[in-house]
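First listed ligand is number 1; within each ligand, the first listed atom is number 1.
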Amino acid sequence: MATNRTFTMIKPGAVRNGHIGAILEHIVAGGFKIVAMKYTKLSAEKAGEFYAVHKERPFYGELVDFMSSGPIVAAVLEKDNAVEDFRTLIGSTNPAEAAEGTVRAKYATSIGENAVHGSDSDENAAIESSFHFSGTEIY
Ligand code: GDP
């Protein structure tokens, strides 16, 4: 996968709170092109696999429960410098520390329920995109 792509999920809390449309609008207004997208739900097993890197962290169980608690929107986004620019667009992990106007400042309710995921490296963007999408589902 080219390094101008990143992977995102609109998390179950933001979906439940009716923020799908506003978050997608924010993303597109930020200059990102949606090249793959699906409305889906992670099983607890799949959520655990996706966040396996956090297995030893105290919040892992809570994270897996939350991420499998309802539907999500998964998407692959394209823009120059996608990974870094998307992390800037969404803001800090903890919404209380997220810069004003960022997605997490506007739509997250807590550090655990922080509205969106954004890949933290080109390598993870590629791994996470292929976790959710086959090559023929990305345009
Ligand atoms: P991100 O890259 O900004 O998403 O942050 P991390 O990779 O550090 O953490 C992954 C996800 O774990 C975050 O997006 C949160 O949903 C969750 N998380 C991180 N820290 C905490 C915490 O202290 N408590 C809880 N409940 N969840 C957390």
Residue and atom name of the nearest protein heavy atom (relative to atom 15 (C) of ligand 1), distance in Å to one decimal
Ile111 O, 3.3 Å

Please say whether Gly112 places an N or O atom under 3.5 Å from an N or O atom belonging to ligand 1.
yes

Could you check whether Lys11 makes a cation-pi contact with Phe66, meaning its NZ or CZ is under 6.0 Å from the centre of the six-membered ring and within 45° of the ring axis?
no

Whether His117 and Phe7 hold their rings parallel, tilted or perpendicular, with breakpoints at 30° and 60°
tilted

Regarding ligand 1, does Tyr51 bring an N or O atom to under 3.5 Å of one of the ligand's N or O atoms?
no

Could you tell me which atoms of ligand 1, counted from 1 in the order shown, lie closer than 4.0 angstrom to a heavy atom of Glu62?
26 (N)

Would you say that Asp85 contacts Phe32 through its side chain, given a criterion of any heavy-atom pair below 4.5 Å between the two side chains?
yes

Quick note on ligand 1: atoms under 4.0 Å from a heavy atom of Arg87 include exactly 1 (P), 2 (O), 3 (O)

With only distance considered, is Lys11 within less than 3.5 Å of ligand 1 through an N or O on each side?
yes

State whether the number of non-hydrogen atoms from other residues, nucleotides or ligands found under 6.0 Å of Lys33 atom NZ is greater than 12.
no

Residues, nucleotides or ligands: over 12 heavy atoms within 6.0 Å of Glu123 CD:
no

In this structure, does ligand 1 have an atom that sits under 4.0 Å from one of the heavy atoms of Glu113?
no

Which protein heavy atom lies closest to atom 3 (O) of ligand 1, and at what distance to 0.1 Å?
Thr93 OG1, 2.6 Å

Below 4.0 Å from any atom of ligand 1, is there a heavy atom belonging to Met9?
no

In terms of atom number and element, which parts of ligand 1 are under 4.0 angstrom from non-hydrogen atoms of Leu63?
12 (O), 16 (O), 17 (C)

Are the side chains of Thr102 and Ile90 in touch, meaning some heavy atoms are under 4.5 Å apart?
no

Could you check atom 18 (N) of ligand 1 against the protein and tell me its nearest heavy-atom contact, residue, atom and distance included?
Phe59 CE1, 3.5 Å

Passing candidate, side-chain contact (heavy atoms from CB on, under 4.5 Å) with Met37, options Thr8, Val73, Val76:
Val73

Out of curiosity, Met67 CE to Ile72 CD1, how far, rounded to the nearest 0.5 Å?
5.5 Å

Hey, could you give me the OG1/CG distance between Thr6 and Asp122, rounded to the nearest 0.5 Å?
8.0 Å

Could you tell me which atoms of ligand 1, counted from 1 in the order shown, lie closer than 4.0 angstrom to a heavy atom of His54?
6 (P), 7 (O), 9 (O), 10 (C)

Which of the atoms in ligand 1, numbered in the order shown and given with their element, are less than 4.0 Å from a heavy-atom of Asn114?
13 (C), 14 (O), 15 (C), 16 (O)

Is any N or O atom of Arg104, backbone or side chain, closer than 3.5 Å to an N or O atom of ligand 1?
yes

With a cut-off of 6.0 Å (strictly less than), are more than 12 heavy atoms of other residues, nucleotides or ligands near CD of Glu84?
no

With a cutoff of 4.0 Å, is Asp120 in contact with ligand 1, counting heavy atoms of the residue only?
no

